[in-house]
Number of protein chains: 2
Amino acid sequence: MKIEDEIKQAAFRNDHQKAHVNLIFTANWLQQQQSGFFKQFGLTLPQFNILRILRGQHPKPATVNLLIERMLDKTSNASRIVDKLEAKELVTRCVCPSNRRAVDIRISDAGLELLVRLDAAMDDQRFGVQNLAPAEAAQLSSLLDKIRD
Amino acid sequence: MKIEDEIKQAAFRNDHQKAHVNLIFTANWLQQQQSGFFKQFGLTLPQFNILRILRGQHPKPATVNLLIERMLDKTSNASRIVDKLEAKELVTRCVCPSNRRAVDIRISDAGLELLVRLDAAMDDQRFGVQNLAPAEAAQLSSLLDKIRD
DNA sequence: TGCAAATATATGTACATACATTTAATATCC
DNA sequence: GGATATTAAATGTATGTACATATATTTGCA
């Protein structure tokens, strides 16, 4: 659906403003699609992102600092998200032996198993970007890169 | 900067996954740019969005329902955002005379004056979408519309 | 008329975000 | 070696988000 109809607003001032609003709106739409998906597995999107980073490190540990660096949203509070994952026993946390200020965080076996199930489910799930032809997807990435220049 | 470098991740599985991650990342980046901007004026982004809707209605009142319909993020809690705006005396709220279940919300003179200052400041501010040529901005909108089909 | 359903908003709870501050451990410099 | 600065993580507070529930008002129909 065109963005004008989607948000029931009169015309935009120009193509830039329209693209801007469309970008915020669409990313939000995508995030809602996904959070509904993750909820089936008892996870939130940030929790999933952290689990995925931990799998990338596995079997090496990650510190909170490393999580913050790698997270898509750099300003969020990794420490408290790890709290929730630890409560679900999807990760382990223990003081780093070589630097007792830092904390070694590792994905647990239960966490790895959960991600396996998620991978399978995600392959079945068709998120919106699948509506684009491969060339269109590449072009979208290129336009987005330009915005952040 | 290319998205691969931005999030320090190895190659993506395909153009679709890359576009997807890029979309979430970029919209987040934009929102952070903006929320820093609005903070100078003592507002958050959702508060600004609601003020803008109220200005669009002015001098007619809006109800909470109307705000929810018009807001970009439809699931957020308009009632409590109006609480904050009311505390700053940027809006007024009173029971609708013709339907005492509903509440008439209006932007105050102080709210209108704040938006005038914001408009001026936003014209000076160059958000990322300005990096795109007009045709590119139009194409971005068209790609985003396709994703939500 | 009176009672149930629908509507408009507000409130409660859990979680996430943004940002400042605190606590503890380590590094640095004199 | 000891005071000070730096670093890593956790915590506090205010705000926003998501979703369920509560409260009040109006509507509609038996």
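The sequence lines fix the lettering, A, B, ..., with proteins before strands; numbering per chain opens at 1.
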By nearest heavy atom, map B/Ile81 and A/Arg80 onto DNA chain D; which one lands nearer the 5' end?
A/Arg80

Once you round it to whole Å, what is the distance between [atom2] of [N] and [atom1] of [X]?
X	N	atom1	atom2	answer
B/Glu69	C/dA8	CD	C1'	12 Å
B/Glu86	C/dT9	CD	P	14 Å
A/Lys84	C/dC15	NZ	P	4 Å
B/Ile50	D/dT17	CD1	P	9 Å
A/Phe38	D/dA18	CZ	P	15 Å
B/Asn49	D/dT15	CG	P	18 Å
B/Arg93	C/dT9	CZ	C1'	9 Å
A/Leu67	D/dA10	CG	P	10 Å

Ignoring hydrogens and angles, tell me if any N or O in the side chain of [X] forms a donor-acceptor pair with the backbone of [Y] under 3.5 Å.
X	Y	value
A/Asp15	B/Ala138	no
B/Asp104	B/Pro61	no
A/Ser108	A/Glu89	yes

Ignoring the backbone of [X], work out which of [options] is nearest its side chain.
X	options	result
B/Asn77	D/dA9, D/dT26, C/dT11	C/dT11
A/Ser79	C/dT26, C/dT11, D/dA10	D/dA10
A/Val103	D/dA10, D/dA18, C/dA8	D/dA10

For [X] and [N], is the shortest distance between a side-chain N/O and OP1 or OP2 below 4.0 Å?
X	N	value
B/Gln47	D/dG16	yes
A/Thr44	C/dA16	yes
B/Arg100	D/dT27	no
A/Lys39	D/dA18	no
B/Asn65	C/dA8	yes
B/Gln31	C/dT17	no

On DNA chain C, compare the nucleotides closest to A/Pro46 and A/Cys96; which residue's is nearer the 5' end?
A/Pro46

By the 4.0 Å heavy-atom rule, please label B/Asp83 as base, sugar-phosphate, or nothing.
nothing

Name the nucleic acid region contacted by A/Thr63, choosing base, sugar-phosphate or nothing; use a 4.0 angstrom heavy-atom cut-off, strictly under.
sugar-phosphate

Check whether any side-chain heavy atom of B/Arg106 lies under 4.5 Å from a side-chain heavy atom of B/Cys94, and answer yes or no.
yes

A/Lys39 vs A/Leu43 side-chain heavy atoms within contact, under 4.5 Å:
no

Over all heavy atoms of both residues, which pair between A/Ala62 and A/Leu54 is shortest? Give the atoms and the distance, please.
CB-CD2, 3.6 Å

For a quick check, tell me whether the side chain of B/Arg101 and the base of C/dT9 share a donor-acceptor pair closer than 3.5 Å.
no

